[in-house]
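What follows is a single structure, written as structure tokens, with notes after it.
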Amino acid sequence: MPPQELANRFQSFGQQHALAFWDELSPDEQSHLASQLAAIDLELIDSLFKGDVDQPDWAAEARRATPPPAMRLADRRGEGTSSLGLSPAEAKQTGAAAMAAGKVGILLVAGGQGSRLGFEHPKGMYPIAPLSHATLFEIHLKKAVGLAKKYGKPVPVYLMTSPVTHDETVAFLAEHKNFGLPAGDLLVFCQGTMPAVDDKTGKLLLAGKDQLFLSPDGHGGTVAALERSGAIAQMRQRGIEQLFYFQVDNPIVPICDAELVGYHLLSKSELTSIAVAKQTPAEKLGNFVMLGDRLHVIEYSDFPADVAAKLNDDGSLRFWAGSIAIHVFDVAFLERMLSFKDALPFHIAHKKVPHLNDEGKLVEPTEPNALKFERFIFDLLPQAARPIVVEYTEEECFAPLKNAPGEPKDTPEYVQRFMIAQHREWLEAAGAKVAEGVAVEIDPVWAVDAEEVAKRVKAGTAFSEETLFSDAK
Ligand code: UTP
């Protein structure tokens with residue numbers, strides 16, 4: 001018999017089927033299932049399924065929204081009219097000083113299932129680099145090494161996995177000696193999970209007779225996981241005051257970019273985000289907007305078309321700022337958020353989830369059959385004081401690997417084109433000439449950014465063949 005209290009609780013929520021195969025399980029399997037079920041908040045699942053959770057009326061909110069305080073591209077070039085009154089040169093200096101003081105860390109989230117890409121391993125293990133075939137993990141960790149070399153201070157990496165990606169990620173990094181990042185500068189921590197329910201009945205789905213189907217609880221699970229893992233305490237002890245946040249699937253992120261960190265510090269913002277300018281009103285990017293003095297991201301699916309289409313006097317989009325999930329957080333802000341982490345709302349996704357039917361047979365659905373529940377990191381934004389956004393071009397910072405080859409966008413080939421273009425741009429900015437159509441790739445330890453490239457490449461040098469810039473023998 002299953003533990004009585006557990007059985008009663010599941011019965012009272014109409015979820016007794018989760019224990020239907022109890023008698024067929026070994027004692028180990030029984031205790032595994034019991035501990036998994038004991039951790040489920042049935043009340044929460046019930047209210048999420050019934051839709052009892054408070055959801056803002058985003059269409060109404062969008063109508064009262066204003067654009068966010070921003071450094072636009074023109075402001076960054078010293079030609080703009082930003083009311084923020086920040087100097088790009090001073091920002092670069094201030095950000096570089098924070099890096100040289102060892103006050104900035106990296107927060108990399110890599111817990112997602114990568115279902116669209118269809119790669120059987122954690123997405124970070126995808127060999128994306130056009131010439132070296134370095135994986136996403138290699139590129140990101142080597143940037144941390146390159147930054148430590150540039151600024152003369154270690155830059156710790158806090159890497160979030162999920163139960164789906166954790167073991168393989170840890171083994172892969174160990175096998176590659178963290179790509180040169182000292183062990184003390186890498187903390188891998190695991191986010192939590194949420195069950196999925198049948199979209200019609202609200203019943204919990206089973207992945208096996210002894211287990212529920214569980215999926216990562218969304219990148220909004222980061223805050224809780226940072227606390228559980230002791231990462232926040234470690235940041236405090238190391239004197240890390242800011243965190244540069246980004247997602248594993250984007251290899252061209254200018255990690256810890258001094259200019260961005262500088263704007264963040266000079267404006268005394270608790271949370272600074274990169275924004276890219278939307279090309280069309282309906283572009284599939286979250287929209288940065290202000291509601292009063294609070295920064296929000298309203299998802300494109302919730303943003304009314306007429307509001308999205310509003311124009312400024314000069315014909316540009318009024319709501320121009322698209323979110324690409326790159327932020328600088330104050331550690332003190334995250335600490336403040338610890339008490340708020342359970343209040344982050346859940347977003348519901350309608351997905352295909354394989355599961356056991358009543359007879360214990362595995363069903364592979366061909367249509368979405370389940371509701372998954374995820375928390376999003378951007379729901380923290382409204383809590384931040386003095387938030388700002390800084391406009392970057394997509395070429396500077398955004399080429400996410402989302403889709404399998406053959407799709408129109410965000411595929412491996414698409415991402416590689418951006419990688420090559422970024423490195424070509426750095427070489428040309430240093431005065432080198434790269435022949436048309438020639439692929440170039442820069443190892444982040446060889447040079448982590450355009451400034452470092454300029455120290456290693458003589459102006460006037462011509463590259464007429466495919467070239468990998470690397471110190472590796
Ligand atoms: P996405 O929402 O794009 O998901 O995550 P994904 O896993 O990359 O791909 P799909 O949607 O299954 O095809 C954006 C980023 O957030 C991280 C992912 O690892 C990726 O870096 N993420 C997502 C988490 O860390 N945890 C989550 O629960 C969800």
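When a ligand or atom number is given, it counts from 1 through the structure's own listing order.
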Nearest to atom 21 (O) of ligand 1, what protein heavy atom do you find, and at what distance? V109 O, 3.0 Å
Can you confirm whether I45 sits close enough to K50 that some side-chain heavy atom of one is under 4.5 Å from a side-chain heavy atom of the other? no
Polar atom proximity, E374 to ligand 1 (N or O, under 3.5 Å): no
Identify, for atom 28 (O) of ligand 1, the protein heavy atom at the shortest distance, and state residue, atom and that distance. G218 N, 2.8 Å
Check each of R116, K123, Q113, M160 against atom 2 (O) of ligand 1 and report the one with the nearest heavy atom. R116
Considering heavy atoms of the protein only, find what lies nearest to atom 12 (O) of ligand 1 and give residue, atom and distance to 0.1 Å. S115 OG, 2.6 Å
Looking only at distance, does G112 have an N or O less than 3.5 Å from an N or O of ligand 1? yes
Check: K351 N/O within less than 3.5 Å of ligand 1 N/O: no
Ignoring hydrogens and geometry beyond distance, is a side-chain donor-acceptor pair present between N287 and K278 at under 3.5 Å? yes
Specify the protein heavy atom at minimum distance from atom 3 (O) of ligand 1: its residue, its atom name, and the distance to 0.1 Å. K402 NZ, 2.6 Å
Among all protein heavy atoms, pick out the one at the shortest distance from atom 7 (O) of ligand 1; state its residue, atom name and that distance to 0.1 Å. G114 N, 2.8 Å
Evaluate the ring planes of F378 and H347, with Trp represented by its six-membered ring, and classify them as parallel (under 30°), tilted (30 to 60°) or perpendicular (over 60°). perpendicular
Any side-chain donor paired with an acceptor under 3.5 Å for K351 and Q113? no
Does ligand 1 have any atom that is closer than 4.0 Å to a heavy atom of S162? no
For atom 26 (N) of ligand 1, what is the nearest protein heavy atom, given as residue, atom name and distance? Q191 OE1, 2.7 Å
Polar contact flag, side-chain donor to acceptor under 3.5 angstrom, E407-Y414: no
What residue and atom, counting heavy atoms only, is the protein's closest point to atom 25 (O) of ligand 1, and at what distance? G111 N, 2.8 Å
Does the side chain of D199 come under 3.5 Å of the side chain of H350 through a donor N or O and an acceptor N or O? yes
Parallel, tilted or perpendicular: rings of H219 and F376 (30°, 60°): tilted
